[in-house]
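The structure under discussion appears below in the form of C-alpha cells.
Here is the naming used below: chain letters follow the sequence lines, and residue numbers restart at 1 for every chain. Only heavy atoms go into these numbers, but all of them, side chains included; no hydrogens, no water, no symmetry mates.
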Amino acid sequence: MIQVRSLVKSYGGRRAVDDLEFTARPGQVTGFLGPNGAGKSTTMRIILGLERADSGTATVNGRPYAQLDEPLREVGALLDARCTDLRRSGRDHLRVMALMGGIPVSRADEVLAQVGLETAAGKRTGGYSLGMAQRLGIAVALLGDPHTLVFDEPTNGLDVDGIRWIRDLMRGLAAEGRTVLVSSHLMSEVEDLADEVVVIGQGRLIEQSGIREFIDRASGDRVRVECADPAALAIALRASGAVTEPERPGTLLVNGLSRRQVGEIAVAQRIAVYGLADCLVSLEEAYVRASRNSLEFSTRDQEVPA
Amino acid sequence: MSTAFIEIPRLVRAEFVKLRTVRSTVITLIALTVPALAAGLFLATRLDPEPGRPVNPEHLALTPLVVAVFLVELAVIMLGSTVLTSEYHSGMIRSSITAMPRRGRLLAAKLLAVTLLSAGFGLLLSLVVLAVSVPAVQAEGFEVPLTGLVPAVVLGVVLYLPMLAVFSAAVAAVVRGSGATFTIMLMSVFVLPNVIGFVPWAGDWLERYWPPAAGFEVVLHSDKAGVVSPALGYAVFALATALLVAGANQVLQRRAAV
C-alpha cells in the first residue's frame with residue numbers, strides 16, 4: 001500500500017506537488033493520471049526516496065522508503081529507463097542491483113527470462129532500443145519479487161506487443177495481490193488497465209475514485225437510443241426536460257434522462273426502440289471534464305475578493 | 001545499526017563488480033598504471049649513484065618506488081572519482097539510491113572499495129618495484145637495511161594512495177562531473193603544491209601544510225627543514241580528507257538524486 005498525505009514540493013517558488021493526497025491499495029492497478037508536468041514523476045520520485053518533500057509524507061506499507069529494511073524486496077520501481085550505466089551489460093546491471101539490494105544474484109537470469117531479454121542480456125545497455133531499456137527497467141523492478149510496484153510511464157517506447165505485454169504483466173501482478181501504481185499521460189493506455197484512478201493537475205489531486213465511477217460521473221445521464229421515429233421521441237423527451245440531438249439517421253443522443261426513463265417514455269409514446277444504451281465518455285474525455293471543473297473552481301476561488 | 005555490518009560488505013562487493021564490468025574503466029586504470037610500473041621497474045634496473053657523493057643505499061633503492069607512486073597517483077585519482085562521477089553521468093546513482101536509500105552507507109561502501117583497492121595496489125606496486133631495486137643496489141655492493149626507511153616508505157605508500165582515492169571520491173561526490181573533478185584533483189595534487197608558495201604572507205605556511213603535498217611526505221620522508229614530518233603531514237591530509245568526506249555526505253544526503 002502506498003499512502004501519500006498532504007505532500008508538498010516546490011521548485012524555485014513553483015509548486016510541483018501541492019497538498020497531494022491519495023492511496024494505492026493492494027490487489028489493484030492504480031492509474032496515476034495527469035498531463036505532462038502535472039507532478040506525477042516528482043511524486044513518484046518522492047515515494048522512492050530520491051527526492052525530499054517540503055512537507056507531508058509518502059509511505060510504502062506505512063514507512064518512508066528510506067526507512068525500509070530491504071527496499072528492493074518491498075518496492076519495485078521503473079523510473080525513466082535510463083538509469084543504468086550504458087557501458088555495462090544488462091545482466092551485469094541486474095547483478096549489481098541484486099548485490100546492492102541483498103538479493104541472490106541468480107535472480108538476475110530469472111527476471112531476464114521473465115521480461116524476454118535473455119538474448120540481449122550480454123549486450124551493453126547503451127545499444128538497447130528504448131523498448132529493451134524499458135524491459136530491463138522492469139526486470140530491475142521485479143528483481144526482489146516486491147509486493148509494491150511503481151511504474152512511471154512504463155509504455156514509453158514500447159511497440160504494440162510490448163504495451164500488451166506490460167499491461168498483462170501489471171494486471172497479473174495486481175491479481176496476485178500486489179499494489180501497482182502506474183503513471184501515464186495517455187488516458188487511453190490506462191482505460192482498460194486501471195481499477196482505480198488518481199487524477200492530478202498542476203500538482204493537485206483532482207479526483208481519486210474507481211475508474212468506472214469516474215467515467216460514469218463524467219458521462220452523466222447520456223443515453224443513445226435507436227428507434228422507429230426519432231423526431232416524435234425527441235419531442236416527448238424534451239417535454240420531460242431532456243436535451244436531445246440527432247446522431248445518425250434513426251438515432252438520438254439524450255442528455256439528462258436515464259436509460260430507464262427514456263425506455264419508459266418510448267413505451268408510453270408507442271415508439272419501437274431498436275437499441276438503448278448508456279453513452280459513456282472515454283477516460284480521456286472524463287479526465288478533460290474533471291480537470292476543467294477543477295480549474296474553474298480554482299480560478300473562481302481566486303476571483304472571490306478578499 | 002547492526003544492519004550496516006551486513007549491508008556495507010555487500011555494497012563494497014557491488015562497487016567492485018561495478019568497476020569490473022565497465023570495460024573502459026578497466027582499460028583506463030590499466031593504461032594509467034602500466035607506465036607507472038614500467039617507469040619504476042626501468043629506474044630500478046638503472047641505478048646510477050652520482051659519482052663523488054656519499055651513497056645512501058636506502059634512497060637509491062626507494063627512488064624508483066617514489067617515482068612510480070608519483071606517476072600512479074593519476075590512476076588512483078581516476079579510481080576514486082569514477083565510483084561517483086560515472087554514476088552521476090549515467091543516472092545509475094538513481095538506481096543505486098533506490099537499492100540503498102541509506103545514502104551514507106552507499107558513500108561509505110564506495111570509499112571503502114577504493115580504499116581497499118588502492119591499498120592493495122600500493123602494496124603490490126611497492127613489493128614489485130623493491131623486488132627489483134633492492135637486489136640491484138645490493139649488486140652494486142651496498143647494504144640495504146630492510147628495517148628502517150624501506151618498510152616505512154612501503155607503509156607510507158599503503159597509507160597515502162587510499163587517502164588520495166578517498167579525497168578524490170569526496171571531491172567527486174560534491175562536484176559530480178568527471179571533468180571538473182579531474183581538474184580540481186590535478187590542480188590540488190600536481191599544480192598547486194608547486195605554486196602555492198608564491199602566495200604573499202601565507203605562502204610558506206600553505207606550502208608546508210597544503211594537504212595533498214603534506215600527505216605525500218609519508219611516502220617521501222624528505223627529512224628537510226621547512227617540511228612537515230611524515231606523521232604530521234599525513235595527519236593534515238587525513239584531517240582535510242575527513243572534512244571533505246563529511247561535506248560530501250551532507251551534500252549527498254540533502255541533494256535530490258538527479
Quiz item: Are more than 12 heavy atoms from other residues, nucleotides or ligands located less than 6.0 Å from atom CZ of Arg167(A)?
Solution: yes
Quiz item: Which distance, rounded to the nearest 0.5 Å, do you find between the OG1 of Thr84(A) and the CZ of Arg94(B)?
Solution: 10.0 Å
Quiz item: If you round to the nearest 0.5 Å, how far is CE of Met97(A) from CE of Met100(B)?
Solution: 10.5 Å
Practice problem: Sort out for me which of Ala66(A), Ala98(A), Ala77(A) touches chain B most, counting heavy-atom pairs under 4.5 Å. | Solution: Ala66(A)
Quiz item: With chain A, which of Leu11(B), Val12(B), Thr25(B) has the greatest number of heavy-atom pairs at distances under 4.5 Å?
Solution: Leu11(B)
Quiz item: Tell me, side chain or backbone of Arg87(A) under 4.5 Å from chain B's heavy atoms, or both, or neither?
Solution: both
Quiz item: Do Val96(A) and Met92(B) come within less than 4.5 Å of each other through their side chains, counting heavy atoms only?
Solution: yes
Quiz item: Got a donor-acceptor contact below 3.5 angstrom from the Arg88(A) side chain to the Lys18(B) backbone?
Solution: yes
Self-check item: Ser24(B) side, atom OG; Asp85(A) side, atom CG - distance, nearest 0.5 Å
Solution: 7.5 Å
Practice problem: Check for a donor-acceptor pair, side chain of Arg10(B) on one end and backbone N or O of Ile103(A) on the other, with a separation under 3.5 Å. | Solution: no
Exercise. Return yes if some donor-acceptor pair links the side-chain N/O of Ser95(B) with the main-chain N/O of Cys83(A) below 3.5 Å, else return no.
Key: yes
Practice problem: Answer yes or no: does atom CZ of Phe190(B) have more than 12 heavy-atom neighbours from other residues, nucleotides or ligands under 6.0 Å? | Solution: yes
Practice problem: Indicate yes or no: at least one non-hydrogen side-chain atom of Arg23(B) is less than 4.5 angstrom from one of Arg124(A). | Solution: no
Quiz item: Quick one: does Leu68(A)'s side chain get under 4.5 Å of Pro101(B)'s, heavy atoms only?
Solution: no
Self-check item: Leu99(A) side chain near Val17(B) side chain, heavy-atom distance below 4.5 Å
Solution: yes
Quiz item: What residue, out of Gly144(A), Gly102(A), Gly126(A), has the most heavy-atom pairs lying under 4.5 Å from chain B?
Solution: Gly102(A)
Practice problem: Hey, could you give me the OG1/CD1 distance between Thr98(B) and Ile47(A), rounded to the nearest 0.5 Å? | Solution: 13.5 Å
Quiz item: Under 6.0 Å from the CZ atom of Phe42(B), do we count more than 12 heavy atoms belonging to anything else shown?
Solution: no
Quiz item: Just how far is it from atom CD of Gln67(A) to atom CZ of Arg102(B), taken to the nearest 0.5 Å?
Solution: 8.0 Å
Quiz prompt | Top contributor to chain A contacts, counting heavy-atom pairs under 4.5 Å, from Arg20(B), Arg103(B), Glu87(B), Glu15(B) | solution = Arg103(B)
